[in-house]
There are 2 protein chains.
Amino acid sequence: MALIKPKPVPICETLPLKHKPTEAEIFVVAETFKLLGDPTRLKILLACLEKPMAVGDIAQSIDASQSLVSHHLRLLRAARLVKGTRQSKQVYYEADDHHIRHIVSDMIAHAGENDADTE
Amino acid sequence: MALIKPKPVPICETLPLKHKPTEAEIFVVAETFKLLGDPTRLKILLACLEKPMAVGDIAQSIDASQSLVSHHLRLLRAARLVKGTRQSKQVYYEADDHHIRHIVSDMIAHAGENDADTE
DNA sequence: AAGAAATATCAATATCTGTTCATATGTAAA
DNA sequence: TTTACATATGAACAGATATTGATATTTCTT
């Protein structure tokens, strides 16, 4: 008999989803999430989440090589997670928009909510 | 000469960040994002984003083996991205909370904003 | 123009991860 | 208990990915 009670979804701007995401959309979204799924890349994004930061300064602040940071920035830029602007010799990167900042800060909040993770 | 104009951050509930995330926090957050970074796993989460779904039904709806879905659900569950409740033989999974739903729907919105991705 | 400084790219490797197939566990009916 | 159904787990392989070190490109200074 097993009846399942359908749960009402709490009111939210972007929910329920307007349309079922296509295969291509899902792939792009996953690819973007995947970029956030690397600690080094996440550190890079966090470093320039609220203020523009030069590549070298980012590298120094997270203790990584410039080569590595540049590699990752390229990926982050391609996914529009960050945007860079040249200021003479240096390129200043920052989170692309507050949309991105929101996703990251939300996830930080979620992870800090309770957690045990390692099980 | 090179002066950098500091950009004011738009007002937001979770921003600016209360505290600089620790190494451990970053790792957990990255790990959680990483889980969303696989198309199959994302499909699974999407399948039960708004309504509880049995494992078999999820597998069928995304055209994947039950074994694979179960493997992924285990990971999603460990990260508290989904929660499952047993209903006799079947286990119904759903997104853990609206926090998660929000992150996913936000990213879908971001990906759909404009994009070129493949470059 | 030559040199320095900052960033970007290339190639190679060591590691990780998604998937499959087989099997085990749990649950309910006969 | 046996049978059937739903889900979970284990081992192993193929493909992907982060990192490094060297080098190239871009931009400014002298």
Side-chain angles (χ1 to χ4, degrees), chain A residues 1-4 23 26-45 47-48 52-79 81-94 118-119, chain B residues 1-4 23 26-27 30-45 47-48 52-79 81-94 118-119:
Chain A
M1 283 291 167
L3 291 187
I4 314 102
E23 191 77 17
I26 289 175
F27 192 81
V28 172
V29 171
E31 204 64 22
T32 311
F33 273 129
K34 184 182 292 178
L35 290 176
L36 300 178
D38 177 72
T40 303
R41 247 175 342 238
L42 188 57
K43 282 182 203 170
I44 291 173
L45 180 53
C48 64
M53 281 270 266
V55 178
D57 295 337
I58 295 176
Q60 193 168 359
S61 78
I62 70 170
D63 191 42
S65 72
Q66 287 187 358
S67 172
L68 182 57
V69 172
S70 189
H71 270 296
H72 285 313
L73 281 172
R74 182 170 145 77
L75 300 174
L76 292 172
R77 188 156 29 99
L81 287 171
V82 302
K83 58 184 172 186
T85 52
R86 185 143 223 151
Q87 209 91 8
S88 73
K89 285 193 209 170
Q90 290 160 306
V91 179
Y92 284 84
Y93 284 92
E94 63 185 312
T118 48
E119 119 179 37
Chain B
M1 290 281 174
L3 291 187
I4 312 103
E23 191 78 18
I26 290 175
F27 192 81
E31 205 64 21
T32 312
F33 273 131
K34 185 183 291 179
L35 290 176
L36 301 177
D38 177 71
T40 303
R41 253 180 332 246
L42 189 56
K43 281 183 204 170
I44 292 173
L45 180 54
C48 64
M53 281 270 267
V55 178
D57 294 338
I58 294 175
Q60 193 169 358
S61 78
I62 71 170
D63 191 43
S65 72
Q66 288 186 357
S67 173
L68 182 57
V69 172
S70 189
H71 272 295
H72 284 313
L73 280 172
R74 181 170 147 76
L75 299 175
L76 293 172
R77 187 156 30 98
L81 287 170
V82 301
K83 56 185 172 186
T85 53
R86 187 144 221 150
Q87 209 92 10
S88 74
K89 285 193 211 171
Q90 290 159 306
V91 179
Y92 285 82
Y93 283 93
E94 64 185 312
T118 47
E119 119 182 33

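Remember, predicted model here, so these are calculated numbers, not experimental data. So you know, we letter chains A, B, ... as the sequences are listed, proteins then strands, and number each from 1. Computed from heavy atoms alone, side chains included, the values below leave out hydrogens, waters and symmetry copies.
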task: Using modelled atom types only, decide if a donor and an acceptor are shared between the side chain of A/R41 and the backbone of A/L35 within a distance under 3.5 Å.
output: yes
Strictly below 4.0 Å: does B/H72 bring a side-chain N or O up to OP1 or OP2 of C/dT19?
yes
For D/dT9 and B/S70 - does any side-chain N or O of the residue sit under 4.0 Å from the phosphate oxygens OP1/OP2? no
Protein and nucleotides 1-6 of chain D: nitrogen or oxygen contacts under 3.5 angstrom:
none

B/I58 CD1 to D/dT7 C1', in whole Å, measures 12 Å
Rounded to whole Å, CG of B/L35 lies from C1' of C/dT17 at a distance of 11 Å
The residue, B/L73 or A/D38, whose nearest nucleotide of DNA chain D is more 5′ is B/L73
To the nearest angstrom, the CZ-P distance between B/F27 and C/dC16 comes to 10 Å
Taken to the nearest whole Å, CG/A/L75 to C1'/D/dA16 is 13 Å
Closest of D/dT17, C/dT20, D/dA18 to the B/S67 side chain is C/dT20
Winner on side-chain proximity to A/H71, out of D/dC28, C/dT20, D/dT20, is D/dT20
Separation of C/dT7 atom C1' from A/M53 atom CE, nearest Å, is 15 Å
note: B/L36, atom CG; C/dG18, atom C1'; distance rounded to Å ~ 16 Å
Here the distance between atom P of D/dT7 and atom OH of B/Y92, to the nearest Å, is 8 Å
Here the distance between atom C1' of C/dT17 and atom CZ of B/R74, to the nearest Å, is 15 Å
